Novice: 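The following block contains the structure, expressed as C-alpha cells.
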Amino acid sequence: MRQKELRIALVCYGGVSLAVYMHGVTKELWHLSRASRDFHAGIGDLPPSVVDDPDACVSYVYRRLMEEIEQQRGLRLRVLPDILTGASAGGINAVFLAQAVHSGQSLDPLTNLWLDVADVDELTDPDARPIWKFAKFWAQPIANWILKRPGNAVTESVAPETQKEVRRKVSHLVRGRWFQPPFSGLGFSSLLERAFSAMEQTPSGNPLLPQGHPLDLFVTATDFRGSLSHLNLNSPPVVEESEHRLPIAFRAFAPSMPGAGLANTLELVLAARATASFPGAFPPLQLSEIDKLAEKTERTWPEREAFLRRVMPAQHRQGMIEGLSLIDGSVLVNKPFEGAIDALQGRPAQREIDRRFVYVDPRPDRFGELKEKNTQPVGFFAAIFGSLSTLPREQPIRDNLETLEEQSAAAIRLRRILLRLRPEIEAAVEKLFGRTLFLDRPTPKRLNNWRQKAQQAAAERSGYAFQAYAQAKLAGILSRLATITHKAAPELSSPGLEVIENALRGELSRRGLDGLSANGVGAHEQAIHFFRTHDVGFRIRRLRLIARRISRDWEADPSIPDEALDQAREEIYACLSLYLEANESAQADEAFAKAAQNVLSDPAQVLDMLERKRLLPEIDTLVEEKLAAALHAMPKDLKRKILLTYLGFPFFDVATLTLLPDEGRTEFDPIKVDRISPEDARSIRDGGTKATLRGTEFYNFGAFFSRAYRENDYLWGRLHGAERMIDLLCSTLDTPLEDDVCNTHKRDAFLAILAEEDKAERCSPKLIERLRQEVLERLSSES
C-alpha cells in the first residue's frame, strides 16, 4: 500500500472579529487530523457519542473518505498539521490548535471562549464601565453624534437588525473611561488561562502527530519600545537600529502519551495575549500581568527566565525585560508566512510528502470593495478604524509565495538532476567495486572501507571541481556551527551569525585550512580530519537520500516486500536520529554554552568542544554496525539498491551540493499553496464573504458586538473549512475522485457539523435549521 503524508503549514491572518470564522476553519483541520490519527492507528471503535448516530460526527465522515481513497486509489493518507503560525486574533487560534495537536485535548473550550466571551460587554474592564445610567451624561451628545449622525459608522457598516445592539454597546464604551484602553489586559489573560484549564480537564486522546514528529508554533508580537540591533554596513562598519518585531516561537516533539502540554500554560497565555493585544482596545502586555495571573491561578513558572532568554534574547541582554510592552503582532507582521517557511528546516521525511501551505483569509474581497468606494471621501472614524483594523492587514503575500515557488522549482530541478545522474553513478560504483560487491556479506569493517574508497574516488574524479565542492561544504559546516553556537548562547552580544562564522573561519585558517584540496586529487589530511569531525550535514544528506529512495522510488518494485521496505525505513531513520541528536545534545550542554559565550575571543575552544561532544566518527561506527545488520536481513534486490545509493552518494554530493537551495531543508518535494476563504467554498451558498459573514460589519469588529454574528461566522467557518479539507484530501491524489463522490462527502460533512452543533446547543436552532435546509436543497439538486 502506497503511503503519503499530507503535511499542512497553517497561516492564520489577523482579522479582528473575523477570528471567530477562522476558529471554525481551524476546528475542521483539528477534526480531520483526529480522523487521520484514528484511521492510521486502525482504531475501529466509535466513541460513545457517535455509536447511535455516526453520521452526526464529522471526524467519522473524514475517516470514511480516507477509507474510500485507500480502497479506490491504493493510497493510505495521513494528515499532519505540523507548522502553525498566526498573528493577532488569528494567533490565538494557532496557539490553541497547537496545544490540541500536541496534547490530544479537545478544542471545544476555545469555541466556548469565542462564542461566550468574545463580546465587548464581557471584555470591558469593570473600571471602564459606566457606573450608572447617567454616568458621563455630558458625553451622551458625543455618543449620539458618533452613532446617529448621517453617514455614521454604524449605519454605514452594520445590518439594520443589529444596529440597536451595536449602538448600545458603543455608547457604553464612549461613556466609560477615556484615554485608557476599555478592555482589561489581566481579564483577557484570565479568560485565555480558563480556556486552557478547560482543555486540560477534557478527556485526551493521543497526540495528532506521530511520536517524535516536530510541531512548530509561531506567532507575531510587536515590541512597542523596541530593542537595539546591529546592522553591518560598509561605512560605518556597524550601526544600531531599533527592532520592534518580536516573533514568539515554540518547537516541541510529539509525545507518546496523551495530555502533555506544548509548553507551560503561562507561556502559551503570554503568546496568545501578546499577539492579540489590539492597540487602543487592550493595554500593552507586560510581564507583570502574567506574574499576577500566575499568582491568581497558583500556576508555577520555573522556566520563566529560560523562556524569556530564548524568546527575547536582545531585550534580556539589554536589561529591558521587566519594562517590556508588547502590542498586537499584526501591526508589523500580519501574515506570518516567513515563520512557517523557516520551520521547514530539519523535518523528518519517512515517506512521500505533499507539503501544503494553507492560509485562512476571511476577506479576500476587500480589494473589490475598496475599488467601489475609491471615489468617496474617507470619514473621520472610518480613517481611524480602517487604519487600525484594515490597512495593516493589506500587506501583499506575493514575496512569500514567490519564495515558496522558487523553492519548489529548485526541488523539481534537483530531483530531475538526481534521476539523470543515477545510471552513470551506479555504473561507476559497480566498476569501482566489481559486481562481487553485492555477493559479499556487509560487515561494519567492510562498510567503512567501502565508504572511504568511494569518497576518495569521488574526490579524485571530480578534478578541479573538487575545490568548489569542498568550499561549499566548508561554508555549510561553518554556517551550521555558528547556528549551534548562537543557539547555545542566545545572550551572545554579537551583531549576528556572520561574526561568529568569521571567528571560526579565522581559527581554521590558523590551523592550515585556507585551502582544502591536495594537489587537485581530493582533500589533504587536515581537511579530511575536519570533515570527519564536523561535517554532520554530509551524513544526514546521505541517509535522507536513501530514505527518499525507499519512500518514493522503491515502493513500486513488486520484488521487494512491503515489510522489508518498512524495516529498512525504520533502520535508516534510527541511524539518522543519532546524527540529529548529536547536534541537539551539544547545543544543550552547559559547558558548551559557556564556551559558546566566548566564541569571539576563543573560537578554538568551541571547535574542540564540539568535536568532543558530538563524536561523529564514533557515531559513524555505530551507524555502520546498524546498517550491516540491517543489510544482512534484507532481500537481495533491496540490499543492492541501498548499497549503490550509500556508496554512490559522494558522487551525487559532489555534483549537487552547490545546487541545493537550502542545505537545512529536508523536504525536497514541491510546496503547494492553498487558500481557505468564503470565496473558495461555494458548495452551499454563492456570493462569498458578503453573502455569508457578519463579522465584517463595523470595520471587522462586528462579531464582538453580537452573539448572533459570532454564531453565524463560527458555523460558516466550520462549513467552509470542511469543504476545503475535503478539497485538500482529493487534490493530493494523482487521479482525482469523481466530483459526485467528493460532493457526497461534502454534504455528509455539512450535515454532520450541523448535527454536532445542534446537539451541543451552542448556536441558534433556527440558524442551524436554516443552514441544514440550504445544504439539502443545494446539494440534493446538484446531485
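Here the structure is a predicted model, which is why all the values come from computation and not from measurement. This chain uses plain numbering: 1 for the first residue, then up along the sequence.
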Novice: Centres of the Tyr62 and His31 rings: under 6.0 Å?
Specialist: no

Novice: Before you tell me yes or no, could you show the steps for Arg273 and Ser277 under side-chain hydrogen bond (donor to acceptor under 3.5 Å, both in side chains), namely the whole-Å CA-CA distance, both residues' side-chain angles and the distance that decides it to 0.1 Å?
Specialist: CA-CA 6 Å; Arg273 165 74 172 88; Ser277 184; 3.1 Å; yes

Novice: Evaluate the side-chain proximity of Pro207 to His102: yes if any heavy-atom separation is below 4.5 Å, no if none is.
Specialist: no

Novice: Provide the closest heavy-atom pair for Asp361 versus Ser677 in the form atom of the first, atom of the second, distance.
Specialist: O-CB, 2.8 Å

Novice: Step by step, would you call Glu723 with Ser683 a side-chain hydrogen bond (donor to acceptor under 3.5 Å, both in side chains)?
Specialist: CA-CA 8 Å; Glu723 180 170 351; Ser683 292; 2.7 Å; yes

Novice: Are Asp82 and Val101 packed together at the side-chain level, in the sense that at least one heavy-atom pair is separated by less than 4.5 angstrom?
Specialist: no

Novice: So do Leu84 and Asp216 actually touch side chain to side chain, heavy atoms under 4.5 Å?
Specialist: no

Novice: So with a 6.0 Å cut-off around CG of Asp739, is the heavy-atom count from everything else above 12?
Specialist: no

Novice: After noting the C-alpha distance and the side-chain angles of Arg73 and Leu737, does the key distance pass the side chain to side chain contact (heavy atoms under 4.5 Å, CB included) rule?
Specialist: CA-CA 9 Å; Arg73 297 292 185 269; Leu737 295 174; 4.1 Å; yes

Novice: Using the rule side chain to side chain contact (heavy atoms under 4.5 Å, CB included), only one of Leu728, Leu107, Ile8 pairs with Leu29; which is it?
Specialist: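 Going through the options one by one, the only one that passes is Ile8.
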
Novice: So that I know where these two stand, are Phe250 and Phe218 an aromatic pair - ring centroids less than 6.0 Å apart?
Specialist: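 No, the ring centres sit 6.0 Å or more apart.
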
Novice: Contact between Leu767 and Arg770 at the side-chain level, heavy atoms closer than 4.5 Å - yes or no?
Specialist: yes

Novice: Would Arg718 count as a cation-pi partner of Trp716, with NZ or CZ less than 6.0 Å from the six-membered ring centre and within 45° of the ring normal?
Specialist: no

Novice: Does some side-chain heavy atom of Asn743 sit less than 4.5 Å from a side-chain heavy atom of Arg747?
Specialist: no

Novice: What about Tyr714 and Tyr21, are their ring centers closer than 6.0 Å?
Specialist: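 Ring centroids of Tyr714 and Tyr21 are no less than 6.0 Å from each other.
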
Novice: Show, in sequence, the C-alpha distance, side-chain angles and deciding distance for Phe704 and Tyr709, and conclude whether the ring pair (Phe, Tyr, Trp, His ring centres under 6.0 Å) test is met.
Specialist: CA-CA 8 Å; Phe704 290 157; Tyr709 281 14; over 10 Å; no

Novice: I want to check something: taking the side chain as every heavy atom from C-beta on, are Met199 and Gln99 in contact at a cut-off of under 4.5 Å?
Specialist: yes

Novice: Over all heavy atoms of both residues, which pair between Leu77 and Met66 is shortest? Give the atoms and the distance, please.
Specialist: O-SD, 4.3 Å

Novice: Just one of Val219, Leu217, Val95 clears the side chain to side chain contact (heavy atoms under 4.5 Å, CB included) bar with Ile248, so which one?
Specialist: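 The single option meeting the side chain to side chain contact (heavy atoms under 4.5 Å, CB included) with Ile248 is Val219.
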
Novice: Might you point out which heavy atoms bring Leu693 and Pro678 nearest each other, and give the distance in Å?
Specialist: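 That would be CD1-CG, 3.8 Å.
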
Novice: Counting neighbours of CD on Gln773 that are heavy atoms of other residues, nucleotides or ligands and sit closer than 6.0 Å, is the number greater than 12?
Specialist: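 Count over threshold, so yes.
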
Novice: With side chain to side chain contact (heavy atoms under 4.5 Å, CB included) as the criterion, how do Arg355 and Leu344 come out once you've worked through the C-alpha distance, each side chain's angles and the decisive distance to 0.1 Å?
Specialist: CA-CA 10 Å; Arg355 166 60 72 185; Leu344 290 173; 3.7 Å; yes

Novice: Can you see whether Phe39 has Arg76 sitting over its ring - NZ or CZ less than 6.0 Å from the centre and within 45° of the normal?
Specialist: yes

Novice: Do we see a donor-acceptor contact under 3.5 Å between the side chains of Ser706 and Arg710?
Specialist: no

Novice: For Arg34 versus Ser59, what's the shortest heavy-atom pair and its separation?
Specialist: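 Closest approach of Arg34 to Ser59, heavy atoms only: NH1-OG, 3.8 Å.
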
